[in-house]
Each structure stands twice: as C-alpha cells, then as structure tokens.
Amino acid sequence: MNLSSGKEYISTASSSAGWKAGDAAAAAAADQFPAGLRVLVVDDDPTCLMILEKMLRTCLYAVTKCSRAETALLMLRENKNGFDIVISDVHMPDMDGFKLLEHIGLEMDLPVIMMSADDGKHVVMKGVTHGACDYLIKPVRIEALKNIWQHVVRKRKNEWRDFEQSGSVEEGDRLLKQSDDADYSSSANEGNWKSSKRRKDDEDETDERDDTSTLKKPRVVWSVELHQQFVAAVNQLGIDKAVPKKILELMNVPGLTRENVASHLQKYRLYLRRLSGVSQHPSNLNSSFMSPQEAAFGPLSSLNGLDLQTLAATGQLPAQSLATLQAAGLGRSAGKPGIPMPFVDQRNIFSFENPKLRFGEGQQQHVNNNKQMNLLHGIPTTMEPKQLAGLHHTAQSMGNMNMQVASNGSQSSQNNPLLMQMAQPQARGQVTNDSSLGHATRLLSPMGQPILSNGVAANVSTKTGIQENVRAPSYNPVLQTSSMLNFPMNHASELPGNSFPLGTTPGIPSLTPKVAFQEDVNSDSKGSVGFMPSYDIFSDLNQHKPQNWELQNIGMTFDASQHSNNLQGNHNHSQPVLVQQGFSSGQVNGQNKSATVISKAMFSAGDSTGHANAQNGNQHLNSLLVDGTVRVKSETVADATPTNLYPDHFGQEDLMSALLKQQDAIAPAEHEFDFDGYSLGNIPE
Amino acid sequence: MRRQLQTMRKSLFDQGYLDEQFVQLEELQDDANPNFVEEVVTLYYRDSGRIILNIEQALERKPFDFNKLDAYMHQFKGSSSSIGAKKVKAESTLFREYCRSRNGEGCMRTFQQLKKEYATLRRKLEAYFQLARQAGPVETACRPK
C-alpha cells in the first residue's frame, strides 16, 4: 500500500515493516508489506498463544510471543523499534492488560490490539478509552488477524498527517530519512532544509516553505526556532488564552498561517496534557535526575515551567527534548543507565504522544545526569548527563532543559548521545551538581537519541552556560541514534565516542550528523546558556556546515528514527523545546531529527540575543531535521557569532551563541522545555 | 479409513462437541506443522487441567469466592473456546452466570457437568487423532466453508 508516493511510501512501508531494519531490509519489507509486520503477542494462556502465533505466521507476520506482560514490556523497551504492533490479552495474572496498554501507548506509542473472551460492552469500552486501536473477541479467527496491519498504517499515517498539518515537513523528512537511511544525502532534504532556513532568513517564507517540503506538500516546518517562538508566544498569552490568532500575531512570522498555528497548538496542547498527566513529579528535575533513571520520570513530569522537565520526565522526549535535554544534561535516553532519565516514563510527552517518547525507554538509561559528562557513550545514544551537566548552564535551568532535552533524547535514546551532551553542559557549570546534571542528563538522554541521533542531534552542545567544552557525544553511528546533543558542555566533558564536535564553536554545537558526533563539544558555549546544544557536530560550530549538517541530520535523523525510534516521531521535531526559554526555546532537544537540539538547548543562553537566534536556529534546525536530514541548523550555528544566530542554521548555532553570550543568562534555563516535549510530538511518528 | 475418519469428524461437529473454531485450527495445519491440531489440543488439556484443579480447590473452600471462581472460569472458557470445544464452552458460560448470581449450588452442579463434557471430548479427540495418524497425513478434511 502506498501511503505516500514513492520514496516516502517506501520509507514508510519499510518503517512499518521495521524501521529499524536496515534500509535494505526496510525496502524489502516495504515491498511485501504487510508481510513481515512485526507483531508481539502477549497472552498468559499457552493454548491461545500457540494458536495466535500460528495464525500470525500464516499471515506472514514476524511473530514474537510472550506469556507475561512484564516480559513483553521489557522486550519492547529494549528494542523500541523492534515491533510494529502489539496484541495483548486483557486478563493476565501479572499485569492487567489495560495497564500494559497504557504503558505501551506512553512509552512506545505502538498500536495495541486487545483481546478477550469477554465481550461485555464495558470491557470493550475500557479498551477504547485506554487507547487500544482494536478489540478482538476470543476465540480469534485468522481473518481478524489478517487486517491488523491497517492499524499500523493508520497510525503512521496519522503521525505524518499531523506532522504535516503542523507544517512540519519533518515527516517528509523523516520518511526521506528512512528511505535514505543509508544515504543521508537527501538532497531534497537538504534543499528543503536549506530552503527553510533561507526562508527564515529572507523572510521569503512562502516560497521557501514550499520548497522545503518538497517531500511532501509544502508545509510549515516547525523548526526549533519557530517552535520556540510559538512557545514563547503561548506562554506570553497564557496557555488558556492562547488562541491561534494571537499566537500568530505575537510570533510575527511572515508566511505562517493561522491554520498552521492552530494545528501546532493542538499538538502542543496534547503534549502538555500528556505531560501533566504522566508526569508524576513536579518538575524537579534536578532531584529526579539524580535518582535512578526511573526517577527520571518523576521530576520532569510536571511541566512546570520547564518543559524540559516534563520532557525529561517523559523520558522519551523526542528528539526535541534532546536539545533541551542537552541543556539539561539529561542523560540520554539511549539506554545508558548512567543517566537517569527521568523522562523515561514520560513517554514521549514531547512528541505529542508520538512515539517520540521512545526515548523514554532510553530514559532509564539516560539521565544519568550526573556527571556523566561523557554523554556520548559511544553510540548508545544515551546522552551523557554529564554533558548536559556540562551545560552547566543554570543548573536548574539546565536541568529543566535537560529534561526536555533528555526527553528528546529519550527518543533517540538509542542514539542520543548528543542529548546527553547537552545535558552535560549543564553539569559542567553549575550543574555540576547532580541535579543539574541530572537534568541535563535527563534531557540529554532522551535527547540523545532523537535529537542528535537523528543525525542532527549530534552535538547539541548545550552550551548553556557551560563554558566548558562539552564534548558532545559523538554521535555515533551517524547520528542516528546518537542524539547526542553535544552540549558544548563547558566541561570538557568529552563524550566518549560520540562527542560531537560541538565544542568548537562557542556554544554552537555542531551536529555532525552522520558522523559520530565527534563532538568535541568543547563547550565553547561559554556561558551561553548552559546548554547550548551545540549541534555542531562538525566540531566547528562556526562553521556553517549546513550541508554537513543536513546530511548528517538526515543521516541522523534517519538513523535516529531507525534506531531510536526517536526519529520517528519525535525526532523530527527536534524540538528541543526544552530550551525554549533561553533561547528562543532553542529546541535544544537534540531531537534527532531536528537539529533543534541546538536551538532549544540554548535556552539559557542569552535569551535575548540568543533567543532570537536560537529560535531561528531552532527553526532551522527543525526544518532541518524535518527534512530528514539533520537539519541541524548547522548553518545557524555555524555562525558562531553569538548574536548571529542564523536562523537558518541550526538553531544550535544560535543557541550556542546565545549560550555563549549568556552564560549568565543561563540561569533561565527555564526555558520552556516543555515545548520540547511537544516538539517531538510533531515529529511524525 | 479415511472415510471412517471423516465420519468421526463429522459426528463430532454434528453432536456439538466441536465448533467452527476447530476448523480454524485445522486450516492452520500444514506441511510444516502436520500435527498442529493435535499439538494444540494436547496443550489445551495439559494447561486447562491445571485450571480445573484450581476450581475444584476453590469449590472446597466455603464460602465460595465467586470472584475468583469467575476469574478461573473466564480463563478456562477462553482456552476452551480457542480450540472449539463447544459443549465445554457452554458449560463454562453457565458456570460464570451462576458465579455472577452468587449461586453456589448452580456452580457446583454446572462444574460437574463441565467436567463430564471435558472428559468426553478428550476421549473422542484422542480417538480421532489416533485414527488420523493411522490414516496418514491426509488433510483432515477441511470442511468446505
């Protein structure tokens, strides 16, 4: 079935078949879709399980059976992108089927089908309210199973559609990325990305915007910057009073329509709701982070101000969070246990309920805030909290930011080393406190993956405040998973392996998309907002590597999605929403996809100056990411001129600059990371 | 022998021991899994035997914990229905209704009946599979739909 035309479709199909799979596999799977659909079936009754397995095999699906809900969750967490759909029984001895359903929805955002011999209306209704995409009555017939693939497709389609609606071409990018999995050079993406950047710069939105989404219909790309602007506007108005019209006016972005804002707002609201619903801990990222990864969830949960927190909490912060996380130094979601990602639980709050939260899974791993300065644990995207900490930025702020970032990272948890990086920065400076790191780490973690990993996420050097050179975690494997937001943590937190070359430019993390982020994040981000999610993977923040970035981003994003799932949905958002504040809500979220990592991370950075830039950067980043390529706004970052945040370039750069400038300003780590979480949501799927 | 097999099979359906779900199982049987149906049924009897035991024990404790009984029976019913054990399934449904109406007597009576049906089906299926094995891996006559 062709969901979209050509390439996109294939990507999609592949993705459905298994994004994770390599391109080849994905491509192959795409052709045979729905054959090869990866199904996880959970039922405590061995007879039913055996029958179901056989039936599903007959439908040519790739079946994994499981008799315990706990085991199923473990499997899902370990392999976020390992399954396309889950079928679960309602009555199970170790865990209620609905509870499992909730967990899966939150953490992995996979379609879940419930089954039971019970056909009572209330039970079926319960399934609906808990979010099951279907309900089968036992005994199940094979005919009923033959069509379950529709749920997978529908979900993906919706994600894309949402994505598109919000004007983000991330989906398209994502798709592209997927298809380009092996080939990051999506010129189309790049072009888009660039054009989106240009759009921002030249205010030539209309044209550019159209160009940007060559992949898909022209849409507004909700880049990190743009998102930050959006969040800033929303916050200014007050969430209750924020109406699209007013937001539009406040944002004052030429070419942006009320509809774009409206749909984006819708997503954002969902995201917030999710955060508040899920977050258990009120924003105290710091404390939470410090605690074991599971704790990640807690503190962040509250949206309090910092979206990061929430994001972080969600752990799954989609790529976006990465950016934020980076700042927050949140641990990467990449499974690195080092960083306790508080977000983990949050599922992808960032990504608006998108799988972005995938990071969340990683969250546990990530958020190792503490002082993990090495965000880049190598590829495991876990963002090193240290890195985040490096951001140092305002410990708290960073924390928050990190959280977000982390959240984002969580998405990329797989890869987001970057995120962590961002978080690290926090750790550096002030964040050295665990708390800050915690946050940062948290952020990073989630972000780690998505943000950076997706290629872009790379080094989101959260320079926030951290003057140290945070070594952005090298994005390992091509960005994909390493959402390593290389936070240019001021520390020289070198992320092992992944270090993104963020460090180089002042605060502007260069996201080195594909490349392992080598970040060196040297947190040049001096002072600037703690986290500057230096996306500069390229190690030269100043260098505009828009191209590289893009490529990388693409790679990263793509990978990220593949890997960490992060990309998948949230990544695109690179909305490091987290950073929002400082920088034009620099989407520090390493969101893998969107290089937003940088931008957001920059929250703390001189908001004022950086802010503007960051936003730009973010936006660009976003767009970058969206395009599938690591949109890391490398360009923006490249500028490295603190005040010069090229809007086009990654937000990172802007962020970085902002960060640099603001080192002091880092304190405002309060950037609304919240948004980050949100942004991730935009990422399709 | 095939004819015998067919007859036996037909009677199982006609007498209401088996329902459509059994056919579903038969259709899953293929060269890769030539004894699939038998394997499933064997697994069923093994696993459900455990549940039967649990119910029996629960029925020895007075007063009855109807919720628990209902839960057990729900489980049992799910298994039984998945192999197409029609009569057994009917008894399970009845049992659950008695549980819901807190009718201990009804539960006990129904449970006895259920065990009988359960045992009868087992015997019949065992004979059927034995014959099927003797008759060779011929399609167990997938009943035309």
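- Other residues, nucleotides and ligands place no more than 12 heavy atoms under 6.0 Å from the NZ atom of Lys121(A).
- Between Glu143(A) and Gln24(B), some side-chain heavy-atom pair lies under the 4.5 Å cut-off.
- For the pair Ser116(A) and His74(B), the minimum side-chain heavy-atom distance is below 4.5 Å.
- The existence of a salt bridge linking Lys54(A) and Asp30(B) is confirmed by a sub-4.0 Å separation between a basic side-chain nitrogen and an acidic carboxylate oxygen.
- Proximity of a side-chain donor or acceptor of Gln75(B) to a complementary backbone N or O of Asp45(A) within less than 3.5 Å is not detected.
- The candidate with the highest count of non-hydrogen atom pairs below 4.5 Å against chain B, out of Asp43(A), Thr58(A), Val140(A), Leu52(A), is Val140(A).
- Closest heavy-atom contact between Tyr44(B) and Thr47(A): CA-OG1, 3.4 Å.
- If you take CZ on Arg57(A) and CG on Asn33(B), they are separated by 9.0 Å, rounding to the nearest 0.5 Å.
- With a 4.5 Å cut-off on non-hydrogen atoms, Asp44(A) touches chain B through its side chain but not through its backbone.
- When Ser79(B), Ser80(B), Ala32(B) are compared by the number of non-hydrogen pairs under 4.5 Å with chain A, Ser79(B) comes out ahead.
- For the pair Lys138(A) (side chain) and Gly78(B) (backbone), a donor-acceptor distance under 3.5 Å is absent.
- Counting heavy atoms of neighbouring residues, nucleotides and ligands inside a 6.0 Å radius, atom CE of Met125(A) does not exceed 12 of them.
- Interface residue Leu28(B): backbone and side-chain heavy atoms are both found under 4.5 Å from chain A.
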